[in-house]
Structures are given as C-alpha cells and as structure tokens.
Visitor: 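Got a structure for you, questions after.
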Amino acid sequence: MKVRVALNVNGESREALVPVHKTLLEVLREDLGLTGTKHGCELGECGTCTVLVDGEPVLSCLALPVEIEGAHITTVEGMAEGGRLHPLQQAFVELGAAQCGYCTPGILLTAMALLAERPSPTREEVREALAGNLCRCTGYTKILDAVELAALRMGRQEART
Amino acid sequence: MTKNAFAVIGRPLPKVDAWAKVVGETKYADDLFLPRMAYAKLLRSAHAHARIRSIDTSRARALPGVLAVVTAADLPRVKFGILPVSQDEEALCAEKVRMVGDPVAAVAAVDEETAEQACRLIEVDYEPLVALMSIFDSLAHPETRIHEYGDGPNVHKNVALQFGDVDAAFDAAHLVREDVFFFEGSNHLPMEQHAAVAHWASDGKLTLWSSTQTPHYVHRVLAKVLETPAAHIRVIATPVGGGFGGKTDPFSHEIVACQLSRLTGRPVKITLTREEVFYTHRGRHPVLMWIKTGFTKQGDITGCHLRTWLDGGAYGSYGVASTFYTGVINPVTYKIPVYKFEGARIFTNKPPCGPKRGHGTVQPRFALECQLDKAAEQLGLDPADMRRRIVAEPFTKTANHLTVTTIGLGECIDKAVEASGWRDKRARLRVSAGPAARRSPKKRGLGLACSAYLTGAGTAIYWNDMPHSGVLARADRGGGVTVLCGATDIGQGSDSILAYLTAEVLGIEPKDVHMHPADTSLAPVDLGSYSSRVTLMCGMAAIQAAERLRDAIFAAVARKLEVSPASLVARERKVGVPDDWDKAVSFARAVELGEALHGVLAFPGSYAPPKRAGKYKGGGVGPSPCYSYSACVVELTVDEDTGAVELEHVWIAHDIGRALNPLLVEGQVEGSVYMGIGEALMEEQVFRKTLHKLPSMLDYKSPTTLETPDIHTILVETDDPEGPFGAKEAGQGPLLPVIPAIANAIHHALGIRIDEVPITPDKILKALDLKRAGKPARVGPERLPLLTFKVPLVVESAFGEPADAVVSRPFSS
Amino acid sequence: MIRLPAFTYLAPSTIDAAARLVAEHGREAMLVAGGTDLYPNMKRRQFEPKVLVGLRGIRELRGIRGSAAGGVTIGAATTLSAVAAHRDIVRDFPALATAAGLVSSPQLRNMGTIGGNVCVDTRCNYYNQSYEWRKAIGFCMKKDGDICLVAPGSSRCWAVSSSDTAPVLWALGAKLRLVSAEGERTIPMAALYQDDGIEYLAKRPDEIVADVQLPAAVEGWRSAYLKLRRRGSFDFPVLGVAVAARMEGDVVRDARIVLGAVASQPRPSEKAAAALVGQRVTPDLIAHVADLAAGPAKPLDNTDFSHPYRKKVTRVFVARAVAAVCGLGDSGATSEEVA
Ligand SMILES: Cc1cc2nc3c(=O)[nH]c(=O)nc-3n(C[C@H](O)[C@H](O)[C@H](O)COP(=O)(O)OP(=O)(O)OC[C@H]3O[C@@H](n4cnc5c(N)ncnc54)[C@H](O)[C@@H]3O)c2cc1C
Ligand code: SF4
Ligand code: FES
Ligand code: FES
C-alpha cells in the first residue's frame, strides 16, 4: 500500500509517495536523499539511525513515516544553521570525536537532545544519554569530552546573550 | 629537528575530513545512488558443509522486477583469495558449500525487497556432508576434508620454527611454567555493514565503489576472477565506516555486484545485512595456546616455547600470515634468548577468520602476559618491576632475527605505573582485605600487561619488488597541493596524516592540501589499510613526494631571489630566506615560478620497507620497519556473588615514536583499548550446532558507554629513525595489553585465574567455587588437540645481535 | 537492509475505533504501539500481519493520570521514558520507574510504550533470529515449525517472558483495563499471562490494553527491581527480580516477590514472600527467602548467559532486592545489576 506522506524534515516540508511499510530510515535515505542518517542493524540494536522527532531521539529504523506525520524531524543535515556548525559539531571536529564517522550523526543528535534538556550534564549523565549509541572506533572518550566541551560553550553563549 | 621546529606535526589539529563527517556529507558506499541502479542480494547456504547437486533459479527469474540471477555457472570458474598460497574462495560456490552463509547465488532486481524475495525462490538441492565445527572435530575426521589443499587433512598450515636450544634454556631456569590458554574468536563489528556499488559501463569499463580497506587487492582479484584486463577496472574505496581488518579481503559480494552489473547494464548496489557481516567475518581466530617459559630467580626469561592451534574457519583468507603472527611477534617485547614456535591452522565449517586489529598477536600476548603474572607471583616479584627488567634491548635482533629499533617500553611501564598509583594501590588493595572489604562483595584489583606491535608488514602479500606505497603530489597555481595516494581512510585518519606531512614539508596549511585517496585509476598503489602500515609507509612516500616538489620549487625561487636553494625555507605559505623574510614569495607564486621553470609540478614518492626478512623459510612474516610498545594498567572491581566485572580505569602508555597529531593517536589508543575491553569481557563469535549463535548487534555484545571506563592515555615519544618524523603505529598495538591486564587485575582482586577470554561472570563464579573447594582456582582449557607439528626448522638464535642496517630504504634516492 | 514485509496501516483516533478495526480484521490484524518489539520481529518474519492497527494516534491512551492517594493510571501508549520520569511514580513506585528506565536503550524508551512492554513477545535465542537463520537450523514450533529446539522432547514452547515492567507491576498489585469491541474488563496483572511461550497472553487477541492502574499508594510499601543482563543498555533482562513489601518498623507486614525472565510469564514466589511476612528481617531470613524464591527457577539455555549461572544469580538478586526493600540494603544492592 503506497501512501503520500508529508514530513517536516529539518524545517522543510517534504512529501513522498512511498509504500507504507517503508521505515523513516529508508524514506530519508532513499526517497528524500538525506543519506546522513546511517544504519548498522535496522533492528533497533545499535542507535546508528537515531534522528530527532519533536526533539526526542528515536530510531528511524523502527519508525514509520505515517506515524510521525506532522512532527518535526531533525537529521544530522539539519543541525548546522546558516552554514554555521552546531557547537556539538564544532566540538566533535576539534576533539577528534568522529573517527570513521559512521556513528557520528546518531550520536550528535542524541547529544543535541540531551543538551536541550540538560544544558550542563555530568559526565555520567552524558554516558547514560549515549548508552543507546554504539561506537566501535573511539572508545567513547573523545565523544564524551566533545559533548562536555559543547555544553560548556553553549552555556557560556547563553550567559552572554 | 626539535619538536618545536614543526609547524603542523605534533599539533592537535582536526582531521581533514572531520567537517564532512559531522554534517553528514561523507558518502559511504551505501550512500551512493546512481541513476537506474539495481539492487542485489546473495542467497547463502543454510548448510555448513554440503555438496551442491543442483540449483534451480527459474522461479526467481520469473519474479517481476528481477533483472538477473547468477550462480557459479554464470561466472568464470576462477578461485581467489587474498594470499597467493590460499586461492580457495569462489564468488559463488560451484560444487560445495563450506559454511552456513556461503554464497551460492545472487539476484539483481529493481529494489532490494524484490531481490530478497527472489533469493527465497531459488531452490538448491544439497547433499549434506559431515560438518566439522571445531579444531577437535576437524582433526578427528580426516576422512572428511573441507579443502583438498593444505598441510594435511583439514590442516591449512603447519609451521615449526626453533631459534636456539630451548631444552637447555629450561634446564638452566629456576622456574619453568607450562600454561594453557584459550582465546575465543570475535568479529570486528564495524558499524558500517559492507557495501559495494558496481558499474560496468557501456564502454566496457568497470568501476567498483566499495567499503574496502584494500582497493589494490580488490582490483587485482576482480581482474582475475572476472577475466577482464585490470586496465579496464577502477576500484574506488569509499570512506570506510569502520574496518578493523574486516574489510581487508576481496569479497564475494564485490565480485557478484560487478558481474550483475555486466549482465544488467545497470549500476548494481549490494549492502550486506548485519547477519551477513558475521558470515563474511575474517575476525579474530579462536586460538588454543600452550606456552612454556623458563625464568631465573630474578625474573629473566631463559627461553620460551609456544604452541598455537588456530581455528581458521572455512577458508584461507590471511590465515597463513595469522598462523605465523601467533608466534613471531612475542620475542619483540622482552629479552627471550631462545625461542621455539609451533603453530597450526585448522579448517572448520565456520565463517573464515582473518586479520582483526592486532592480527594474530593478540591471543599469544594474552597467554604470555598472564603467564608472566603467574611467574612474578611465584618468584615474589612485582609484575611491573619484573617486566621492566626484561624489556628488550633497542637496536638489536630478536631470537627469531627480527630487527627492533627504538623501544620505549621501559618508559611506558614507568609512566603507567606512576599514573595509576600502581605501587600504592597494589599494596593497599591487598591490605584492605580487612573486615570492611570482606563484607562487601565488590573486590577491587589492579593488573598490568605490556605489548608490542609492528608498524607495517615488511613484505607484501604478493611477492614483488615494487613500492608498498606510492604518493603523487601535484602543485596547482593557486597554491594548493593535490595528493593522490592509494591508502584508504577507515577512520584512522590516513588522509589527514598525509595532508599534515605534505603541509609540514611545504610550509602550507593542511587545508591547502587536497586529498584524493584510494582510487586505483587516480592514485599510485598503496597496499592497503592493514597491519598499521599507512602512517609509516604512505607517510614516508608523501614526505618524499613533497620534498621533491619542494626542491623543484626552491630551485625556481632561488633563481628568482638570486640565493642558493639551500638557504630557502618554506613556511607560513611562503618560500624565502629566513634572514630576509620580507623578500619571501608566496607559496602560490613559488609554484608559478616552479612551473615556469620545470613545467607541470607533479612528483611521486615511493616507499618500500627495509629488506630485513630473516634468512630462513618463514622469515618474511614478522619484520617491520619498527615496532610500537604499550604498557597498560587496569583497575576494576569484581562482584564475587555475581561475577560481574566493572572497569574503573584504564591507564595506557604507548610508545608512538612521534605523535604526528596527538589527538589522532589518542583516538587510536582509546579505540584499541575499547576493543580490547570488549574481547576481554564479552565479545565472542560462537556457534550453535552449525550456526552462528549470535549474528546480531543485540546478541553479539559490544560495550556501550556504560561498560567503557575513562581511558587515560599517555604518549611516549622515541623518535624512531624508520618512521615519518619518527612516528610509529598506534592503531593496533594498544589493544594487546588490555586483555591480559584485565585478567591479571581479576586475579589480583579475587585470587582466581581465568585463562580464557572472554572472561564472563559465570567463569568467575566457577573459579571462586573451585577456590572455596580448595582446588586450583583456575578456569581455562583442559585439553589440547592431538596434532603432530612439523619437525621444526632449527635456526641459530640471533638474540642480542646488532640490528640490521637502519634507514636503508629502496627508492630513497 | 532488513526491511518490513508489506501491510496496510490503519490509524484510528479512539480506542473504540481501534477495537472495532481489530474485531473487523480478526487474525489478519495486529496492534502496534511503539513498534519496538513488533517491527524487529516483523523484519525477521516472526509476524506477517496483513493489517496493523496503530495505537500511537489515540490521545486517550497517552498520559499518566490520577494521584498517589487515589491510584495512578497510566495510559497504555505512554512511553517508557515518560513512565520512568514521572514524579509520582518515581516517588511512590520507584521499582516501576527503575524497571521502565532500564528497558533497552534511551531511544527505545522514547518509542516503546508500557502497554507494548507488558505484551512484549517472549524470547528465545532460537527464535529471535532472521528467517534464514531459523530456516537453516530447522524452524521451531513458536514460528513455522513443530518442535522445540531447546527442549526437543517438549510439547510446549519455553520462550522467556522478557518484560521489565511486568514483574514489577505484578508485585505492585497493578491492574489492567482491557477494551474490545465487546466491552471492557479490568484484570489483575496475573490474569494477563499464562506459562506458555507461544500463547503467553491470557487475554484475547482482540482486547486492547487501555491502561495500567496502580493501586493507591499505601503508607509503608516499598519496592525494588533488579535486572540481570550483560550490558547496562540495549539488553533484555535475562533475570528480573521485583520485590514489594509493606513494613511496620522493622517487621514485614506484607510482601510480594515476582521473578521476570525465568519462565514464559512473570513468576511469583509466594512461598518466599510468605516467609517474610510477620518477620523481622535478618541476614539468615534473607538467605532462606532467597533459597525459596530461587529454588523453583528452572532457566533453560535459550537466553544470554548460561542457565546454571542465571539460576545462581537468582538467589543473589532476590537476597539483594529483599535486603534493599527491607532496609538491610548494603553494598551490593543497587537498583540495577549488570553482570
Ligand atoms: C534492541 C531492543 C532491546 C530491548 N530491550 C528490552 C528490555 O530490556 N526490556 C524490555 O522489557 N523490553 C525490551 N525491548 C522490547 C520493547 O522495546 C519494549 O518491550 C517496549 O516496551 C515495547 O513497547 P512497544 O510500544 O514498542 O510495543 P510494540 O512493538 O508496539 O508491541 C509489542 C506487542 O504488544 C502488542 N501491543 C502493543 N500495545 C498494545 C496494547 N495497548 N494492547 C494490546 N496489545 C498491545 C503488539 O501487538 C505487539 O504484539 C527491546 C527491544 C529492542 C529492539
Ligand atoms: S523455547 Fe523452543 S519452541 Fe519456544 S522459541 Fe525456543 S526453541 Fe522455539
Ligand atoms: S540501524 Fe541499528 S538501531 Fe536503527
Ligand atoms: S567513529 Fe566509527 S563507529 Fe563511531
């Protein structure tokens, strides 16, 4: 059964005519050309495919577009604003938190949701928040460092404005 | 050059590809979508060992949307394999399947669903054969042969080497220990599942984009199995989403995608599922080990004899090299005056094992370091002091004729010991086994281990006299420099390293360097991203290319400024005389002057490692330009009621030679530690009946943020004469000591020995039960295979001899 | 990529409409809430429903209502994250907040619902495998086959109840409101289950779990949940221990102990709980209670960890959970155990 789905992705309205059983992951990558969202299992077991739906990290491999019509979807392509990297992206660049980079989009988005809710998390809280995102390259150390650095910078920015 | 003299080297700069990765622009293989692209799927065997009687593809062909169906009959009958001595794989099995997951047919269709559906419609008639699922099975059933070749029925490789008289060494020892260990197999589990896109264009030329670590070897194999001139094939390695050795062989799915593209006239994409990645495997070999070592009262090693039995799985892969690697690297770490090694790789009906981070050396390292810990205890020595005492001598040869250059291991041990508070804690944790500590079930322990690893294999996979690495540097008139190199960036940062080195030599910024890696049509050959060879080998080639370019530019600038070329320097995007810097010309201008003088400025750099292979059969595996060293201390708690292990801290000191970018080195060290933790505590590629027991991300356990402790990395620089600006490897070596350090820490906490990885909670409880029953508190393998090793090739020990010529490089002039 | 099989998706906006749709499509239809259990299973072809009736769009199924005094009601489509973070639940039913917060991973808790969690399919590592894998080993009776591969002589399936919240809700005395086209009924947690790996739910397939009703919080009740699994995230429980007890001073007045992941349904340990009642808790009593509770547990080799190990740890966890609830908690007892 094909359906026309209207999705709000990264602030843009996008439409696609897709089989209803196509997951959000597949539609983003194959129909909307947003290949920044990656996949490592398609069964909910790795966190690589994480996107934000109304600000909450969810697994796009287990979500159906029909279930989230009307919601705001954020993918890694939507993190930078006006050509400026999000502070998390900037910190990941500076601290070498992306090695192969394959887990990076999912981790960035999960961290972005964390910082929206908890602007200055403890290291343990960052660990907890990222416990659903596997990374095989980094040993997580630089990822945790980068999230902390971004939180610090965003806090300062907040204080200034 | 002193450290401060560098402009780029040694600075914690971002990777050149970091920006693309954080915004989602990096195109991995599965991110490629070409017009009219078809999707392919493989039908894999459900039998572990069976003869193929017939394959009926008619129903699959009839399915609407199916574009092509292929079996072995549609491909040239040519076998392949990464090593010339083990050409035993088929893109699609013709007569026999040797494991569950062996590919037998493939479909290309308009979409992936249709291709999958069509695969289910293919009927294969199998005649099942006895499935041999362990080393013991395979040796017990010589009448059932998985392959017809090898060193005996189901024995792929049997090696025996002896350097000096081990029996005399044991006679001279104060303590002789014999221990048996087992190391379970594990998968690389890269986050990216292998993917490839093939396009056999209408001009008859083939392009393959693939998530591979070795485009050059894939190129060679495609030419061979597709019976197509290599000149008409182009292989492009896309950025790899994690490799760790798992994308280092040429694979069936790559070949099949090409053939399907030829047949359909469309680009064809194939992406493996996670389960298929477990079948593709090439992961850590399960290895049984017996190790006998003699020690003096002071802890010196008098001699060592190691036997290893590798469970190779169904195909050769890198197995011959893996077998050697279980034996030949151990002597690089400590003074081992005489050494004997016997090893055998056995075929079984399981996915083939191959090179995983630390290739072949991780398992014997676990054995040796645990045994050293046991010996230290028996001798009443501190494990750190004992190791410190026996660290090998720099610039000498080992018993097995390997030349070692710089060794920073002593300093690594000192630094790890100091940072971890080893002395204080080892004593205190023991003492604190007082009343309070006894009440809590959580016991604390501290363990240490060391290791060494090669910086690039000294010999190529196929015998040749050509460079192992080539780089082409071309300057453009705008002041940019384009670097072409065959190396693949698998996340380790090879593109960045080459950009840094080029920028350093030419006095420009890394951003001015344009990287075009891993494309067999554009770039000179590099053998691939394996064996920790890229930074050193491509790095040396890049330096050579950049220096040649710089010399050409200097000649032109010297003419213009009327100075001698020798008086010029390149820095801050300028070329000039330091004392007369006002007259310095911009780099872009310098390039123009150069081009006016010489024509196009494009220069090659080549590197081949020093020829130092031991002069005996088998001496080709083990030599490396230089070796990295690591020392690791682990602090953990073990719950003695549940056996749960919680890691608190890992301190690791690594001799990197020189950190070209400390951030990247730390990243490699941390990643290695992480992978070591997984293997030590939970990862295992195990089987149930004839099937992989856990072929999923959920059931194959990979540590999350919650199991991974803070990792404290300490870098030790020894400035090795063989490496680019003194650098050695970092990507693999630091994995090695983590596993025995964890085992040793568990012993420190509870007084039990788990001589087998993964060290799972049930094994810990079992050992504690034994301890309470007054029996030896050890859990580990109990029996060894009956297999006659070859009569050893006896060679004089070269222990302590001065190193072979250092810094003698082919292609250096 | 592993992909879903084709189906028709219906998105009713009221419970009644959903109930009607389920009744209308009968066996062809399945309910889906978060989909975090069902979709992976469908991708592996454990289920191939023709019609999915989605519950996410039903407002009345979402949210947590009521008060500690009168009893809290959790809509079945409320996410596990919302349950774990809810202030009243954290305060009055900490074991439930803990259990909900320990389900799989943060992302899955943002999607998975409590209704789906109590109905989550039973698990077995011969069953939670791809279609091709199951075909290769020879299908078992839970799907596509007719024998049990773990217990080959058995006439029933022993797949393991793997919900984190179910044993806790049971121990807390929660009730469920079920709605179908034929009307509605309210049942205790115990009545939702039966000990069979295939037909693990005792409710009719056309009954929708509408909400989970927690009893009014009574002075003195305390609860704890301990979970055994390999990693601190992702992994299903391979043992869950839920303990609830009402204390008067240091005497236990009432107690319930329910074990998860030891059978095809949550398993209450009535004898063990009874041994606590009327007693002052001592380490000896705890040891005795732990033996009583762990005794009947007969894990099979169909989950992570060896079954003898899971049995051993059952005893340890029961002891720790009881100690924690009854105020003897020391070192070892935490809200979570990761072995
Ligand atoms: C990697 C991974 C790890 C997991 N780990 C855990 C874990 O640790 N602990 C755990 O408990 N679970 C775990 N789960 C399973 C699952 O995520 C949770 O159980 C979740 O709560 C299920 O809720 P859902 O809404 O997503 O259910 P769905 O998938 O939507 O439904 C599950 C089942 O319940 C039925 N159903 C759903 N809602 C209702 C209703 N209101 N009335 C009647 N029937 C209904 C569906 O028809 C289906 O049969 C894990 C899943 C994955 C993929
Ligand atoms: S318990 Fe037996 S019947 Fe049930 S899923 Fe497992 S193998 Fe199949
Ligand atoms: S792809 Fe692994 S969780 Fe979605
Ligand atoms: S950076 Fe490679 S998986 Fe995380």
Side-chain angles (χ1 to χ4, degrees), chain A residues 19 21 26 29-30 33-48 75-80 85-86 88-106 108 123-124 126-144, chain B residues 12 14-15 17-28 30-33 111 113 188-193 239-244 271 273-274 489-493 650 661 663-664 666-675 677-678 696-699 702-706 708 710-711 713:
Chain A
H21 64 274
E26 294 157 18
R29 292 176 51 82
E30 296 165 6
L34 294 169
T35 53
T37 305
K38 309 298 179 203
H39 57 105
C41 72
E42 304 100 64
L43 293 170
E45 306 174 345
C46 73
T48 310
T75 68
V76 69
E77 289 94 340
M79 280 183 76
L85 294 188
H86 186 278
L88 275 163
Q89 292 172 312
Q90 184 62 32
F92 271 55
V93 165
E94 287 173 29
L95 297 190
Q99 283 189 24
C100 79
Y102 202 77
C103 67
T104 308
L108 283 169
R123 199 165 177 91
E124 254 349 278
V126 181
R127 273 211 164 85
E128 288 285 343
L130 295 180
N133 294 81
L134 289 177
C135 169
R136 289 290 285 178
C137 293
T138 62
Y140 306 110
T141 307
K142 300 241 176 292
I143 291 175
L144 301 182
Chain B
K15 294 205 295 178
D17 53 3
W19 289 272
K21 283 179 175 171
V22 300
V23 298
E25 279 170 8
T26 304
K27 293 275 180 230
Y28 301 86
D30 192 46
D31 299 337
L32 302 177
F33 290 87
D111 55 33
E113 280 175 279
H188 319 79
L189 207 80
M191 293 309 296
E192 179 206 26
Q193 303 154 112
V240 175
F244 317 115
T271 306
T273 63
R274 181 53 59 184
D489 200 311
I490 59 172
Q492 88 283 39
V650 175
N661 176 340
L663 216 53
L664 266 64
E666 285 167 18
Q668 287 303 305
V669 174
E670 288 157 5
S672 297
V673 169
Y674 166 81
M675 212 160 258
I677 290 171
S696 70
M697 285 282 213
L698 180 61
D699 292 326
S702 174
T704 73
T705 51
L706 302 176
T708 313
D710 279 328
I711 299 163
T713 305

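These numbers come from a predicted model, not from an experiment. Quick note on labels: first sequence line is chain A, next is B, and so on, each numbered from 1.
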Visitor: Sort B:Val673 into side chain, backbone, both or neither according to what part of it lies under 4.5 angstrom from a heavy atom of chain A.
Guide: neither
Visitor: Apply side chain to side chain contact (heavy atoms under 4.5 Å, CB included) to the pair B:Asp17 and B:Asp489, showing each step before the final yes or no.
Guide: CA-CA 9 Å; B:Asp17 53 3; B:Asp489 200 311; 3.6 Å; yes
Visitor: With a 4.5 Å cut-off on heavy-atom pairs, point out which of B:Ile677, B:Ile490, B:Asp30 contacts chain A the most.
Guide: B:Asp30
Visitor: Quick check on B:Thr708 against chain A: is it the side chain, the backbone, both or neither that has a heavy atom closer than 4.5 Å?
Guide: both
Visitor: With a 4.5 angstrom heavy-atom cut-off, could you sort out which part of B:Leu189 is near chain A: side chain, backbone, both or neither?
Guide: both
Visitor: Would you mind telling me which of A:Cys41, A:Gly33, A:Gly96 has the largest number of heavy-atom pairs within less than 4.5 Å of chain B?
Guide: A:Cys41
Visitor: Could you pull out the closest heavy-atom pair between A:Lys38 and B:Thr26, with the gap in Å?
Guide: NZ-O, 3.7 Å
Visitor: Before giving the answer on side chain to side chain contact (heavy atoms under 4.5 Å, CB included), spell out for A:Arg127 and B:Leu706 the whole-Å C-alpha distance, their side-chain angles and the decisive distance to 0.1 Å.
Guide: CA-CA 6 Å; A:Arg127 273 211 164 85; B:Leu706 302 176; 4.2 Å; yes
Visitor: If you count heavy-atom pairs under 4.5 Å between each of A:Arg136, A:Glu45, A:Lys142 and chain B, which one has the most?
Guide: A:Arg136
Visitor: With rounding to the nearest 0.5 Å, note down the distance linking CG in A:Leu130 to CD1 in A:Ile143.
Guide: 7.0 Å
Visitor: What's the separation between atom CD in B:Glu192 and atom OG1 in A:Thr48, rounded to the nearest 0.5 Å?
Guide: 10.5 Å
Visitor: Using non-hydrogen atoms only, which part of A:Leu85 is less than 4.5 Å away from chain B: side chain, backbone, both, or neither?
Guide: side chain
Visitor: Could you give the distance from CD (B:Gln492) to CD (B:Gln668), rounded to the nearest 0.5 Å?
Guide: 6.5 Å
Visitor: Check whether the side chains of A:Gln99 and B:Glu670 place a donor and an acceptor atom closer than 3.5 Å, and report yes or no.
Guide: no
Visitor: What's the spacing between A:Leu95 CG and A:Thr141 OG1 if we round to 0.5 Å?
Guide: 11.5 Å
Visitor: Taking every non-hydrogen pair under 4.5 Å, which of B:Gly493, B:Pro703, B:Gly243 racks up the most with chain A?
Guide: B:Pro703
Visitor: For chain B, which of A:Gln90, A:Glu124, A:Glu42 has the most heavy-atom pairs under 4.5 Å?
Guide: A:Glu42
Visitor: Report the option among A:Ala80, A:Gly47, A:Ala131, A:Gly36 that has the most heavy-atom pairs separated by less than 4.5 Å from atoms of chain B.
Guide: A:Ala131
Visitor: With respect to chain A, which residue among B:Met675, B:Arg274, B:Glu113, B:Met191 yields the maximal number of heavy-atom pairs within a distance under 4.5 Å?
Guide: B:Met191
Visitor: Say you draw a straight line from CD of A:Glu26 to OG1 of A:Thr37; how long is it, rounded to the nearest 0.5 Å?
Guide: 12.5 Å
Visitor: For the interface with chain B, which of A:Gly139, A:Pro105, A:Ala97 has the highest count of heavy-atom pairs at distances below 4.5 Å?
Guide: A:Gly139
Visitor: Using non-hydrogen atoms and a 4.5 Å limit, figure out which bit of A:Gln89 sits close to chain B: side chain, backbone, both or neither.
Guide: both
Visitor: Can you tell which part of A:His86 gets under 4.5 Å to a heavy atom of chain B, answering side chain, backbone, both or neither?
Guide: neither
Visitor: Let me know if B:Thr713 has heavy atoms under 4.5 Å from chain A in its side chain, its backbone, both or neither.
Guide: neither
Visitor: Contact part of A:Leu134 toward chain B, heavy-atom cut-off under 4.5 Å: side chain, backbone, both or neither?
Guide: both
Visitor: If you round to the nearest 0.5 Å, how far is CD1 of B:Ile711 from OH of A:Tyr140?
Guide: 10.5 Å
